[in-house]
K.L.:
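Can you keep this structure in mind? I'll have questions shortly.
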There are 2 protein chains.
Amino acid sequence: MPVTPPPLDPVRLGAYFALMDVASLLRHAVEQQLREAGELSYVQFQLLARLGLDSPTGSHRMTDLADGVVYSRSGLTYQAGLLEKAGLVTRSPSPDDERGVTVTITDAGRARLAEVLPGHTEVVSRLLFEPLSHADAEALAQLLAPVREHMRSTPPRSAAPRRRGGARPGGS
Amino acid sequence: MPVTPPPLDPVRLGAYFALMDVASLLRHAVEQQLREAGELSYVQFQLLARLGLDSPTGSHRMTDLADGVVYSRSGLTYQAGLLEKAGLVTRSPSPDDERGVTVTITDAGRARLAEVLPGHTEVVSRLLFEPLSHADAEALAQLLAPVREHMRSTPPRSAAPRRRGGARPGGS
DNA sequence: CTCGTTAGCTTCGAATTCGAAGCACAAGTG
DNA sequence: CACTTGTGCTTCGAATTCGAAGCTAACGAG
C-alpha cells in the first residue's frame with residue numbers, strides 16, 4: 001500500500017531538477033561533439049573509453065562493460081556490433097567461459113578515441129567546469145559519490161516478486 | 001585549430017562521471033516507476049508536471065514547454081500528440097499568434113498527474129536523497145545552479161556559422 | 001502592397017533504445 | 001550420467017528519439 005510520502009521540499013526539488021537538467025544538456029552537447037568529431041554515439045564513446053583507458057589489456061567481457069554503462073544489454077550488443085562493423089573493436093569468445101564474449105579495442109579504435117578525446121574534454125570543461133572552481137568540483141564529486149554507491153547497490157525495484165523470470169531451458 | 005586542451009584532472013573527471021552516472025540511473029528508475037504507475041513516459045510526465053504544477057492556467061505554448069524540456073522539437077510534438085490522444089491535454093491555436101499552439105492540461109491529465117506524483121516522489125527520495133542530508137541537498141543545488149545557468153546561456157556550439165539556418169521560404 | 005526573411009510547429013525517414021523471448025554454455029543435484 | 005537451474009549474450013518487434021525538410025503565419029524592407 002503506497003503510503004503517501006511527504007512531498008519534496010523546495011531545496012531537494014531544486015537539486016533534483018538541476019541535476020537532471022544539467023546532465024541532459026551536457027549529454028546532448030557531448031553527443032553532438034562526438035558525432036561531428038568522430039561519428040561516434042555516446043555509448044560507443046563510453047565503450048571505447050572503457051576499453052582504451054580503463055583496461056590495461058584493452059579487453060573486457062560484455063558483462064563488465066554493461067556494469068559501467070547503464071543501458072540495456074540488448075543496446076550494448078547493438079552498439080558493440082556497430083563498433084565491430086566499423087573495425088574499432090573485435091569480439092571473440094572468452095577463453096575461460098565459452099558463452100562469454102570478450103571485446104577488444106583495435107588500433108583503429110585507439111586512434112579514433114585519441115581523435116575525439118580532446119574535443120570531448122573541451123566540451124566538458126567548457127560546459128560543466130567553467131562555472132566551477134576546483135574546490136567546487138571536488139565538493140560535487142564527494143556529494144555524488146555516495147549517491148552513486150547507493151543507487152548501484154539498490155535493486156531496481158523494491159517489491160515486485162519477479163514472476164518466475166529468466167531463461168526457460170527447453171526451448172523447442 | 002583545436003588547441004589540445006589540458007586533460008581533465010582526476011577530481012573533475014570523477015565529478016563528471018558521477019554526475020552522468022547518477023542522472024542516468026535515476027532517470028531509468030523514474031521512467032520505470034512512471035510506466036508502471038501511470039503509463040507515462042518521462043517526457044510526458046515532465047510536460048504534465050509543467051502544465052499542472054508550474055502554470056496557474058494549466059496552459060503553455062509549445063515553445064515554452066520546449067524551453068523546459070531538453071528534447072527536440074519533433075519529439076515534443078510527438079509526445080504532446082500522444083498526450084492529446086490519451087485525453088490528458090488539449091491542443092489549440094494560440095489566441096495571439098496564429099501559428100502558435102497552446103497546450104492545456106485536462107482534468108484527466110491532472111488526475112493522472114496526482115496519481116503518479118507520490119510514487120515519483122518516493123523513488124526520487126529513496127534513490128537520490130536517502131544518502132544526502134538536507135545540507136548536502138542544498139549544497140548540491142547551489143553547486144549545480146550556476147552550471148545550469150551557464151549551459152542554458154551558452155549556445156549549443158561555439159563556432160559553426162549556422163549555415164543559413166532555419167526555414168526556407170518558397171517550398172513548392 | 002509585394003517580396004524576402006524569420007518564427008512556430010509538424011511530418012518524414014533513419015537510427016537508437018528497450019524489454020521480452022530465445023539460444024547456448026555452465027553449474028548444481030540426484 | 002540425466003536433469004534442472006542459472007548465466008551470458010543475441011535476436012526480435014515496438015516505441016522513442018533526432019535532424020532535415022516542409023508548411024503556414026508573422027514581420028520587415030522597399
K.L.:
How many Å lie between CD on B:E39 and C1' on D:dA15, as a whole number?
P.N.:
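Atom CD in B:E39 sits about 13 Å away from atom C1' in D:dA15.
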K.L.:
Rounding to an integer number of Å, can you tell me how far A:E36 CD sits from D:dC18 C1'?
P.N.:
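Atom-to-atom, A:E36 to D:dC18, this comes out as 14 Å.
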K.L.:
Given B:L51, which partner from the list B:L65, B:D64, B:T57 fulfils the side-chain contact (heavy atoms from CB on, under 4.5 Å) test?
P.N.:
B:L65
K.L.:
So, is A:T63 near the phosphate of D:dC9, with a side-chain N or O under 4.0 Å from OP1 or OP2?
P.N.:
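Yes, within the criterion.
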K.L.:
So B:V103 and B:R61, do their side chains get closer than 4.5 Å, heavy atoms only?
P.N.:
no
K.L.:
Quick check: are there more than 12 heavy atoms from other residues, nucleotides or ligands sitting under 6.0 Å from CD of A:E39?
P.N.:
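No, because the 6.0 Å sphere around CD of A:E39 holds 12 heavy atoms or fewer from other groups.
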K.L.:
Take atom CD of B:Q33 and atom C1' of C:dC18, then tell me their distance rounded to the nearest Å.
P.N.:
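Nearest whole value for this atom pair: 18 Å.
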K.L.:
Counting heavy atoms from C-beta on, name the nucleotide in D:dC18, C:dT17, C:dT10 closest to the side chain of B:R73.
P.N.:
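Nearest to the side-chain atoms of B:R73, counting from C-beta on, is C:dT10.
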K.L.:
Can we say B:D21 and A:R152 salt-bridge, meaning some charged N sits less than 4.0 Å from an Asp/Glu carboxylate O?
P.N.:
yes
K.L.:
Any base atoms under 4.0 Å from B:T77, or only sugar-phosphate, or nothing? Heavy atoms, all strands.
P.N.:
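Since a base atom lies under 4.0 Å of B:T77, the category is base.
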K.L.:
Just checking, is any N or O donor in the side chain of A:H134 or B:D9 under 3.5 Å from an acceptor N or O on the other one?
P.N.:
yes
K.L.:
Let me know, please, whether A:T102 or A:R35 comes out on the 5' side of the other along DNA chain D by nearest nucleotide.
P.N.:
A:T102
K.L.:
With respect to the phosphate group of D:dT16, does any side-chain polar atom (N or O) of B:Y78 fall under 4.0 Å of OP1 or OP2?
P.N.:
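B:Y78 to D:dT16 OP1/OP2: side-chain N or O found under 4.0 Å.
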K.L.:
Quick one: do A:R126 and A:E122 make a salt bridge, cutoff under 4.0 Å?
P.N.:
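Judged by the 4.0 Å cut-off on N to carboxylate O distance, A:R126 and A:E122 do form a salt bridge.
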K.L.:
Using only heavy-atom distances, decide whether a donor-acceptor pair under 3.5 angstrom links the side-chain of A:S74 to the base of C:dG19.
P.N.:
yes
K.L.:
Is any side-chain nitrogen or oxygen of B:H28 closer than 4.0 Å to OP1 or OP2 of C:dT17?
P.N.:
no
K.L.:
NE2 of A:H60 versus P of D:dC9: gap in Å, rounded?
P.N.:
13 Å
K.L.:
Mapping B:D64 and A:R27 to their closest nucleotides on DNA chain C, which lands nearer the 5' end?
P.N.:
B:D64
K.L.:
Could you please name the option among D:dT10, C:dC18, D:dG19 that lies closest to any side-chain atom of A:S72?
P.N.:
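Between D:dT10, C:dC18, D:dG19, the one nearest the side chain of A:S72 would be C:dC18.
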K.L.:
In whole angstroms, how far is the P atom of D:dC9 from the CG atom of A:D67?
P.N.:
10 Å
K.L.:
When the nearest nucleotide of DNA chain D is assigned to A:R61 and to A:E31 on a heavy-atom basis, which residue is associated with the more 5' position?
P.N.:
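The residue closer to the strand's 5' end, by nearest nucleotide, is A:R61.
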K.L.:
Could you give the CG-to-C1' distance, from B:L34 to D:dT16, as a whole number of Å?
P.N.:
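Distance, rounded to whole Å: 15 Å.
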K.L.:
May I ask you to decide if B:D96's main-chain N or O and B:S94's side chain share a donor-acceptor pair within less than 3.5 Å?
P.N.:
no
K.L.:
Let me know the distance between CD of A:Q32 and P of D:dT17, rounded to the nearest Å.
P.N.:
18 Å
K.L.:
Near DNA chain D, counting only heavy atoms under 4.0 Å, which residues of residues 79-100 of chain A show up?
P.N.:
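By residue number: A:R91, A:R99, A:G100.
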K.L.:
Side chain of B:V43: nearest nucleotide among D:dC9, D:dT17, C:dG19?
P.N.:
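That would be D:dT17.
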K.L.:
Flag the pair A:H120 / B:Y16 as yes when their ring centroid distance falls below 6.0 Å, and as no otherwise.
P.N.:
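Yes, they do, as the ring centres are separated by less than 6.0 Å.
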K.L.:
Rounded to whole angstrom units, what separation is found between the CG atom of B:L76 and the P atom of D:dT16?
P.N.:
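Interatomic distance, CG of B:L76 to P of D:dT16: 14 Å.
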